[in-house]
Amino acid sequence: MLNLSNSLKKHLEKALIKAFPEIAKAAQMAGLSIDPELVPTSRPEFGDFQANIALKLAKSLKTAPRSVAQAIVEELQNDDDFIRLCEPPEIAGPGFINLTIKTINLVEEIKSRLHDPRLGVPSVNKAKSAPIVVDFSSPNIAKEMHVGHLRSTIIGDSIARILEFRGHPVLRINHVGDWGTQFGMLITQLKSVAPKALTTPEVIDLGDLVTFYRQAKERFDQEPAFQATSREEVVKLQRGDPLSIKAWELLCEQSRKEFQKIYSRLDVHITERGESFYNSYLEQVVIDLENSGLLVIDEGAKCVFLEGITGKNGRLLPVIVQKSDGGFNYATTDLAAIRYRFNAAPKGDGACRLIYVTDAGQANHFTGIFQVAKRAKWVPHNARVEHVPFGLVQGEDGKKLKTRSGETVRLRDLLDEAIKRAESDLRRRLNEEGRTEEERFIKNVSTTVGIAAVKYADLSQNRVTNYQFSFDRMLALQGNTAPYLLYAFVRIAGIVRKGGTPDIHTDTFSFETSQEWSLVRQLLKLDEVITEVEEELLPNRLCTYLFELSQIFNRFYDQVPILKANNQAKNSRLALCLLTSNTLKLGLRLLGISTLERM
RNA sequence: GGGGCUGUAGCUCAGCCGGAUAGAGCGACGGUUUCCUAAACCGUAGGUCGUGGGUUCGAGUCCCGCCAGCCCCGCCA
């Protein structure tokens with residue numbers, strides 16, 4: 001209903017100027033316009049929208065709020081366009097103006113959506129729009145992906161999907177940890193225990209690498225000789241020694257294959273551009289910070305001290321961009337990345353917005369480097385840099401998620417488990433209902449439901465809070481879960497199979513019951529929800545919307561006959577089914593979740 | 001010590017720019033199947049929004065203090 005609420009807003013603004021010209025003039029002088037404070041109503045019985053401005057104006061006008069509202073309403077009723085759009089406004093409570101869209105306009109909206117593949121969601125002008133970088137997932141080479149990466153991957157992918165659907169060019173960037181001191185250790189260890197792995201592909205898998213990495217770390221902490229060799233190895237790598245580079249490439253390739261398996265299962269597409277990509281830009285970061293006068297050498301390290309952020313002992317906190325041994329660190333890389341992403345092509349991405357989807361523990365780090373980048377004037381005017389933080393994944397005991405033996409949970413095991421549980425649920429139900437289905441059907445449904453459940457459980461929660469992981473809850477057949485939404489979709493598919501294709505070219509849709517009108521109104525809210533998520537980057541708002549849509553649909557399905565209704569009612573109801581189906585499908589797609597015809 | 005995030009029903013969580021009587025789901029209790037997949041629907045019970053102040057016509061939401069939990073705080077990412 002974006003277009004309806006936008007025109008309502010215009011009518012209200014016009015009415016405000018007419019009713020209170022002096023206030024409008026004063027606002028204009030200050031470079032503002034009066035905001036009518038138009039919002040969706042808090043309860044359906046108040047209509048579709050409410051304008052709250054009268055309550056605000058009452059004070060400066062020294063008039064009772066209800067008479068302010070009355071003056072606005074009188075102007076509205078002199079406006080023919082408004083009268084065509086809306087039922088007579090009602091003044092309620094202390095001075096709210098309640099507005100109800102005329103049903104004929106709602107029906108028109110439904111009609112236009114039945115013919116619109118975008119379901120009424122506007123698209124930005126791609127030609128004029130600069131790319132948005134979504135930096136997400138970002139596992140480390142030679143380590144297993146864990147549940148933290150899962151959250152980043154699922155949330156980042158959904159945000160990217162929503163921005164893409166809105167028409168923005170999106171760069172999905174996998175900022176993998178593919179550089180740094182850990183490679184010195186790892187290569188040194190492999191040289192001594194598995195030299196073949198450094199020269200021949202496919203000799204070791206990621207599981208082995210993780211073991212070698214753990215061993216290397218232990219030796220690094222205990223053996224001075226090992227430490228020294230590792231440091232030399234890092235230097236060799238950074239100088240571009242061909243043998244070291246070759247070994248490094250093999251390690252990356254091995255990890256990459258393993259990551260790709262997870263991404264394929266999750267249907268996530270992402271472009272790898274790891275930390276190593278920025279190696280050649282690091283030196284310039286330090287030089288330019290020095291030239292701009294921000295750089296301070298402290299205890300041998302080159303730092304930028306942050307304004308207004310103190311650490312221990314009350315001193316300002318530094319961002320270290322070059323260590324006392326001359327090496328660069330992650331802050332340098334992140335700064336180089338910010339520059340590159342904002343720089344115009346071909347020397348950069350020419351982005352207008354950077355979105356980092358990482359755990360909330362990195363909030364301080366991002367605050368720091370964003371401040372440095374801004375002070376160094378590397379962030380263009382009107383550009384945005386945003387950290388999109390998310391909370392920890394906890395087990396049902398409220399502690400950080402671990403396996404029973406206390407190990408980190410591997411992603412592939414977690415996905416396997418979800419699918420396995422979905423499968424046994426399905427088999428039990430088939431058994432109870434006496435249904436028989438092909439193995440292929442069972443596998444497909446279990447996989448889709450299992451993956452959907454994992455994704456939806458993560459996305460449906462406000463990301464900033466910690467997230468309590470529970471297979472039982474995410475796979476529950478009722479409540480705000482993926483299976484519930486998928487089932488609503490399946491019900492519609494069932495109706496369509498029974499010969500329920502509506503004629504959407506007819507002019508005579510008519511909706512009678514309150515269940516139909518609730519569904520109509522909910523369907524028309526999609527555009528508002530999508531544009532809100534685009535701005536706030538909170539996919540859980542989309543989940544809430546889809547859950548409410550499913551609830552309203554299930555109520556309608558339960559209480560209103562569709563296939564058995566008379567012709568005109570039947571066609572109208574089938575049209576609502578079709579639009580609900582399309583809306584659910586699109587919404588779920590934007591969450592990275594695919595739908596099923598039967599389950 | 002400094003900073004960040006969190007605190008809402010027994011449990012898991014929503015709550016948009018400050019708006020009308022704070023909402024779901026689970027769990028509990030009680031109903032609904034000659035009818036499009038009952039993986040559904042309907043109903044009942046359940047709240048000092050951590051706490052004390054402040055701002056406001058109006059505060060779960062904004063500001064300040066306090067309490068509790070989690071996370072971060074110089075050369076790891």
Side-chain angles (χ1 to χ4, degrees), chain A residues 35 37 39-43 46 50 52 55-56 58-59 65 92-96 98 138 140 175 177 180-182 275 298-303 309-315 317-325 327-331 333-334 358-365 367-368 389 391-392 394 396 398-400 425-426 429 433 435 449 460-462 464-468 470 472-473 476-481 483-484 486-488 490-500 528-529 532 535-536 538 540-541 543-544 547-548 551 554-555 557-559 561-564 577 598-599:
Chain A
D35 181 356
E37 302 206 11
V39 293
T41 51
S42 51
R43 317 172 136 258
F46 298 150
Q50 59 184 73
N52 299 335
L55 294 149
K56 280 254 164 64
K59 190 154 198 207
F96 300 107
N98 288 344
S138 309
N140 290 316
H175 191 75
T181 44
Q182 75 265 27
E275 293 170 347
D298 192 76
E299 293 172 33
K302 293 188 180 171
C303 319
I309 301 175
T310 49
K312 290 176 197 165
N313 57 39
R315 276 191 68 188
L317 209 65
V319 168
I320 295 173
V321 293
Q322 190 163 20
K323 300 187 281 188
S324 50
D325 68 3
F328 303 111
N329 63 8
Y330 61 99
T333 307
D334 282 340
T358 79
D359 66 279
Q362 295 189 47
N364 291 344
H365 165 65
T367 309
L392 285 176
Q394 299 171 320
E396 286 178 85
K399 290 179 187 158
K400 202 170 169 184
D425 266 1
L426 176 61
R429 198 157 39 78
E433 292 171 15
R435 270 168 71 188
V449 170
S460 60
Q461 199 144 125
N462 187 319
V464 302
T465 52
N466 288 346
Y467 157 54
Q468 200 174 99
S470 159
D472 287 334
R473 271 204 298 271
L477 311 168
Q478 55 277 101
N480 188 5
T481 64
Y484 180 88
L486 290 174
Y487 177 62
V490 161
R491 283 184 136 180
I492 303 173
I495 292 171
V496 173
R497 269 197 305 278
K498 294 263 157 128
E528 285 166 7
V529 174
E532 187 192 322
E535 196 52 34
E536 312 281 332
L538 288 171
N540 67 304
R541 300 266 164 88
C543 295
T544 302
F547 175 56
E548 283 168 359
Q551 278 184 312
N554 277 333
R555 205 166 296 148
Y557 177 94
D558 197 65
Q559 297 167 4
I562 300 165
L563 293 177
K564 286 177 181 151
C577 287
R598 296 196 303 123
M599 64 190 274

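All heavy atoms count here, side chains included; hydrogens, waters and symmetry mates do not. Below, chain A is the first sequence line, B the second, and so on; all start at residue 1. Fair warning: this is a prediction, and the values are worked out from it, not measured in the lab.
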Whole Å only: how far is the NZ atom of K498(A) from the P atom of C35(B)? 10 Å
Nucleotide U33(B), atom P - distance to CG of N554(A) in whole Å: 18 Å
Minimum heavy-atom separation for N140(A) to G177(A), with atom names? OD1-CA, 3.3 Å
Whom does A9(B) pair with, Watson-Crick or G-U wobble, provided both distances fall under 3.5 Å? none
Expressed as a whole number of angstroms, how long is the span from N364(A):CG to C76(B):P? 18 Å
Closer than 4.0 Å, any side-chain N/O of Y484(A) to the OP1 or OP2 of U37(B)? no
If you only use heavy atoms from C-beta on, which nucleotide in G4(B), C36(B), C71(B) is closest to the side chain of A363(A)? G4(B)
Protein-to-nucleotide contact annotation, 5' to 3' order, nucleotides 9-22 of chain B [B base; S sugar-phosphate only; - none; under 4.0 Å, heavy atom]: ---SSSSBB-BBB-
So what does N329(A) hit on the nucleic acid, given a heavy-atom distance under 4.0 Å: a base, only sugar-phosphate, or nothing? sugar-phosphate
Between G69(B) and C26(B), how far apart are the P atoms? Round to whole Å, please. 32 Å
Flag side-chain contact, heavy atom, 4.5 Å: T358(A) against P389(A): no
Side chain R315(A) and base G74(B) donor-acceptor under 3.5 Å: yes
Relative to its sugar, using the 90° cut-off around 0, the base of C17(B) is syn
So does K323(A) get a side-chain nitrogen or oxygen closer than 4.0 Å to the phosphate oxygens (OP1/OP2) of C76(B)? yes
For A301(A), answer base if it contacts any base atom (sugar-phosphate contacts may also be present), sugar-phosphate if it contacts only those atoms, and nothing otherwise; contact means non-hydrogen atoms under 4.0 Å. base
Nearest whole Å is fine: how far is C35(B) C1' from I495(A) CD1? 12 Å
Identify the nucleotide, in any strand shown, that forms a Watson-Crick or G-U wobble pair with A40(B), with both distances under 3.5 Å; if there is none, say none. U32(B)
Does G391(A) offer a backbone N or O that forms a donor-acceptor pair with the side chain of N466(A) under 3.5 Å? no
Taken to the nearest whole Å, CG/L477(A) to C1'/C41(B) is 16 Å
Does a side-chain N or O from Q478(A) land closer than 4.0 Å to OP1 or OP2 of G27(B), or not? no
Pairing partner (Watson-Crick or G-U wobble, both distances under 3.5 angstrom) of G46(B): none
For C66(B) versus G1(B), give the span between their P atoms, rounded off to a whole number of Å. 11 Å
U37(B) and G31(B): how far apart are their P atoms, nearest whole angstrom? 27 Å
For F547(A) and A24(B), what is the distance between atoms CZ and C1' respectively, to the nearest whole Å? 6 Å
Applying a 4.0 Å non-hydrogen cut-off, can you work out what I309(A) is touching in the nucleic acid: base, sugar-phosphate, or nothing? nothing
Counting only side-chain heavy atoms from C-beta out, which of A40(B), A24(B), C70(B) sits nearest to Y487(A)? A40(B)
Nearest-nucleotide pick for Q551(A), side chain only, options being A24(B), A38(B), C75(B): A24(B)
Do N554(A) and Y487(A) have a side chain donor and acceptor closer than 3.5 Å? no
Taking every heavy atom of A331(A) against every heavy atom of V319(A), the minimum-distance pair comes out as CB-CG1, 3.7 Å
Relative to the 5' end of RNA chain B, which residue comes earlier, L563(A) or V464(A), by the nucleotide with the nearest heavy atom? V464(A)
Heavy atoms only, 4.0 Å cut-off, all strands: where does G494(A) land among base, sugar-phosphate and nothing? sugar-phosphate
Inter-nucleotide P distance (C63(B), G3(B)), Å rounded: 15 Å
Identify the residue among Q394(A), R473(A), E396(A) that makes a side chain to side chain donor-acceptor pair (under 3.5 Å) with Q468(A). R473(A)
Is the base of C41(B) touched by the side chain of D558(A) through a donor-acceptor pair closer than 3.5 angstrom? no
Smallest separation among heavy atoms of V449(A) and P483(A), with atom names: CG1-CG, 4.1 Å
Mind checking the C1' distance from U33(B) to G47(B)? Whole angstroms is fine. 36 Å
Output yes when a side-chain donor or acceptor of N480(A) lies under 3.5 Å from a complementary backbone atom of F547(A), and no otherwise. no
State the pairing partner of U21(B); accept Watson-Crick or G-U wobble contacts with both distances under 3.5 Å, and report none otherwise. none
Glycosidic conformation of U33(B), taking syn as within 90° of 0 and anti otherwise: syn
Separation of H365(A) atom NE2 from C75(B) atom P, in whole Å? 14 Å
Expressed as a whole number of Å, how far does the P atom of C29(B) sit from that of C72(B)? 43 Å
For P318(A), answer base if it contacts any base atom (sugar-phosphate contacts may also be present), sugar-phosphate if it contacts only those atoms, and nothing otherwise; contact means non-hydrogen atoms under 4.0 Å. base
When you get a sec, tell me which of G74(B), C35(B), A38(B) is the closest nucleotide to the side chain of K564(A)? C35(B)
Given atom OH of Y330(A) and atom C1' of C75(B), what is their separation to the nearest angstrom? 9 Å
Before you tell me yes or no, could you show the steps for F96(A) and F46(A) under ring-ring contact (aromatic ring centres under 6.0 Å, His included), namely the whole-Å CA-CA distance, both residues' side-chain angles and the distance that decides it to 0.1 Å? CA-CA 10 Å; F96(A) 300 107; F46(A) 298 150; 7.7 Å; no
N or O in side chain of Q182(A) less than 4.0 angstrom from A77(B) OP1/OP2: no
Can you see which heavy atom on I320(A) is nearest to which on N329(A), and at what distance? O-OD1, 2.9 Å
For the residue pair Q50(A) / N52(A), report whether a side-chain donor-acceptor contact shorter than 3.5 Å exists. yes
Using the P atom in both, what is the distance from G15(B) to G30(B), to the nearest Å? 34 Å
Taking atom C1' in both G7(B) and U44(B), what distance in whole Å separates the two? 29 Å
